[in-house]
Protein chains: 2
Amino acid sequence: MERELPASLLMFISSRSAANRIFEALQKQGFGDLTIAQSRLMMGIDPEGTRLSVLAERAQIAKQTATALVDKLERAGYVERVADPTDGRARLVRMTSRAKKAIPHARAEEDRIEREWRAHLGTERMQLLREALTDLRKITDPYQ
Amino acid sequence: MERELPASLLMFISSRSAANRIFEALQKQGFGDLTIAQSRLMMGIDPEGTRLSVLAERAQIAKQTATALVDKLERAGYVERVADPTDGRARLVRMTSRAKKAIPHARAEEDRIEREWRAHLGTERMQLLREALTDLRKITDPYQ
DNA sequence: TTCCCATAGTCCTATCAACGAACTATAATA
DNA sequence: TATTATAGTTCGTTGATAGGACTATGGGAA
């Protein structure tokens with residue numbers, strides 16, 4: 001008698017699978033120095049640049065962790081820190097052209113995964129899954 | 001115009017929320033020395049004990065990582081290593097009574113989360129979500 | 001049997017992620 | 001102006017992770 005796995009664990013399994021695939025896709029495209037945590041942080045950067053503390057909040061990590069990740073991203077040439085014209089204490093983290101080149105590859109793999117999942121589940125169930133997950137986010141994502 | 005988040009990211013958000021809640025619940029019940037990774041490994045232990053390499057495979061981590069996690073679990077009194085009577089090379093990782101006391105608390109929080117999610121989504125949508133996730137596992141979980 | 005290779009687990013080492021605490025500089029407010 | 005809040009960094013520590021090399025045991029082939 002098999003115990004039913006919690007929905008959260010099932011989500012963990014599939015989301016990890018997806019994260020690994022995106023990570024591997026980036027590696028193959030010449031972005032092998034990016035890690036999953038770094039990529040996740042980078043995804044939170046707005047086109048005009050984003051403050052470190054905002055990035056930390058979006059990724060739900062401490063400021064110190066974000067500092068360390070941005071340090072590595074900067075050294076690898078993915079982001080740059082520029083002064084925030086509206087606040088002398090703050091700096092904006094901005095993507096460089098290298099990061100902008102990586103994004104489409106990540107998005108492409110995301111789309112590929114999404115299509116495979118849709119093909120496996122069928123269009124309608126995939127749609128229901130998306131809606132349920134989006135709805136669930138309202139009570140599981142403290143930062144909207 | 002907001003870009004639709006990938007389903008995998010939505011899963012990541014909710015699964016992390018659940019993992020944090022279970023982790024915090026265990027902390028409050030006197031199991032504050034358990035980490036999320038250690039708990040996850042422990043969940044893979046069968047009643048009669050399980051080989052380290054099997055645990056590593058189930059958690060999808062390297063043997064060395066599993067060794068390190070079991071070391072910590074052993075030092076904290078959650079598991080013990082006993083000889084495998086069927087294979088002189090192997091040892092079985094078994095839960096101690098302390099671990100067995102922790103399990104119900106984790107399960108209880110899991111159930112609480114599951115109920116809240118069901119209340120939020122409605123019984124039918126929650127059921128559809130579960131089924132879709134279970135089905136998806138067939139193509140996202142390399143170890144069944 | 002004996003020999004060779006596979007397997008189970010560990011040790012060593014290195015890297016990454018993560019964060020509490022303390023600190024500096026700037027902004028905002030009383 | 002003095003005080004307090006905020007943005008970000010630095011320091012130090014812990015945990016997770018894995019590559020590579022190693023030991024001991026098991027299993028199959030000659």
Side-chain angles (χ1 to χ4, degrees), chain A residues 12 16-17 19-20 23-24 26-27 31-46 49-76 78-94, chain B residues 12 16 19-20 23-24 26-27 31-46 49-76 78-94 142:
Chain A
F12 173 75
R16 177 171 56 178
S17 155
N20 286 338
F23 176 64
E24 283 159 22
L26 285 173
Q27 287 210 315
F31 303 99
D33 48 355
L34 276 178
T35 67
I36 292 180
Q38 289 167 25
S39 312
R40 255 200 268 276
L41 191 82
M42 236 172 53
M43 292 298 179
I45 303 178
D46 301 307
T50 306
R51 288 188 190 183
L52 185 132
S53 51
V54 174
L55 290 182
E57 188 176 289
R58 286 182 184 166
Q60 287 184 55
I61 56 178
K63 283 191 305 176
Q64 305 97 304
T65 308
T67 297
L69 291 174
V70 169
D71 283 348
K72 279 174 192 144
L73 285 169
E74 195 170 34
R75 254 182 277 128
Y78 287 103
V79 305
E80 55 188 356
R81 284 184 246 231
V82 299
D84 183 338
T86 73
D87 189 333
R89 294 166 300 179
R91 302 161 80 181
L92 296 175
V93 178
R94 279 206 313 218
Chain B
F12 174 75
R16 177 172 55 179
N20 286 338
F23 177 64
E24 283 159 23
L26 285 174
Q27 287 210 314
F31 304 99
D33 49 355
L34 275 180
T35 66
I36 292 179
Q38 287 166 27
S39 312
R40 254 200 267 277
L41 192 81
M42 237 172 54
M43 293 297 178
I45 303 178
D46 301 306
T50 307
R51 289 188 190 181
L52 184 132
S53 52
V54 173
L55 290 181
E57 187 176 288
R58 285 183 184 164
Q60 287 185 57
I61 56 179
K63 283 190 305 175
Q64 303 97 308
T65 306
T67 297
L69 291 174
V70 169
D71 283 349
K72 280 176 190 140
L73 285 169
E74 194 170 34
R75 253 181 278 128
Y78 288 102
V79 304
E80 56 188 354
R81 284 185 245 229
V82 300
D84 183 338
T86 72
D87 188 332
R89 295 165 301 178
R91 304 161 79 181
L92 294 177
V93 178
R94 279 206 313 217

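Numbered from 1 within each chain, the chains take letters A, B, ... in sequence-line order.
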Quiz item: Separation of A:L55 atom CG from D:dT9 atom P, in whole Å?
Solution: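 Going from CG in A:L55 over to P in D:dT9 covers 11 Å.
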Quiz item: Rounded to the nearest Å, what distance is computed from the CD1 atom of residue B:I36 to the C1' atom of nucleotide D:dG15?
Solution: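 Rounded to whole Å, this separation is 12 Å.
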Quiz item: Do the side chains of B:V79 and B:L41 get nearer than 4.5 Å, heavy atoms only?
Solution: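 They are not in side-chain contact.
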Self-check item: A:R40 side chain near B:F12 side chain, heavy-atom distance below 4.5 Å
Solution: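 Yes - at least one pair of side-chain heavy atoms lies under 4.5 Å apart.
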If you look at every heavy atom in [X] and [Y], which pair is closest and at what distance?
| X | Y | answer |
| --- | --- | --- |
| A:P85 | A:L92 | CD-CD1, 4.5 Å |
| B:G44 | B:T50 | O-OG1, 3.8 Å |
| A:L34 | A:S39 | CB-OG, 4.1 Å |

Exercise. Please work out if A:R81 contacts a base, only the sugar-phosphate, or nothing of the nucleic acid, heavy-atom cut-off 4.0 Å.
Key: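 Sugar-phosphate, backbone atoms only, no base.
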Quiz item: Base, sugar-phosphate, or nothing for A:S53, non-hydrogen atoms under 4.0 angstrom?
Solution: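 Touches sugar-phosphate only.
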Practice problem: Sort and list the pairs that fulfil side-chain hydrogen bond (donor to acceptor under 3.5 Å, both in side chains) and have at least one residue in residues 55-64 of chain A, not counting sequence neighbours. | Solution: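 Qualifying pairs, neighbours excluded: A:D46-A:R58.
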Quiz item: For B:N20, which residues count as a side-chain hydrogen bond (donor to acceptor under 3.5 Å, both in side chains) partner, sequence neighbours excluded?
Solution: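 side-chain hydrogen bond (donor to acceptor under 3.5 Å, both in side chains) list for B:N20, sorted by chain: empty.
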Quiz item: In chain order, what residues pass the side-chain hydrogen bond (donor to acceptor under 3.5 Å, both in side chains) check against B:R51, with sequence neighbours excluded?
Solution: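 Only B:D84 meet the side-chain hydrogen bond (donor to acceptor under 3.5 Å, both in side chains) criterion with B:R51.
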Self-check item: With A:F31 via ring pair (Phe, Tyr, Trp, His ring centres under 6.0 Å) - residues at least two apart
Solution: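 Ring pair (Phe, Tyr, Trp, His ring centres under 6.0 Å) list for A:F31, sorted by chain: A:H105.
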Self-check item: Terminal axes of the helix from C:dT1-D:dA30 to C:dA30-D:dT1 (five pairs each): angle between them, nearest 10 degrees
Solution: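 The angle separating the two end axes equals 20°.
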Exercise. Between protein and nucleotides 17-27 of chain D, map the contacts as a letter string: B base, S sugar-phosphate only, - none, heavy atoms under 4.0 Å, written 5' to 3'.
Key: BBBB---BBS-
Quiz item: Where does the chain B footprint on DNA chain C start and end, counting 5' to 3' with a 4.0 Å heavy-atom cut-off?
Solution: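 In short, chain B contacts DNA chain C from C:dA6 to C:dC11.
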Quiz prompt | Residue list, side chain to side chain contact (heavy atoms under 4.5 Å, CB included) with A:F23, at least two apart or on another chain | solution =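 A:F23: side chain to side chain contact (heavy atoms under 4.5 Å, CB included) contacts with A:Q27, A:I36.
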Please list, chain by chain and in numerical order, all residues satisfying salt bridge (Lys or Arg N to Asp or Glu O under 4.0 Å) with [X], sequence neighbours excluded.
| X | value |
| --- | --- |
| B:D33 | B:R98 |
| A:R81 | A:D71, A:E74 |
| B:E80 | B:R94 |

Atom pairs under 3.5 Å: protein N/O with N/O of nucleotides 12-14 of chain D:
none

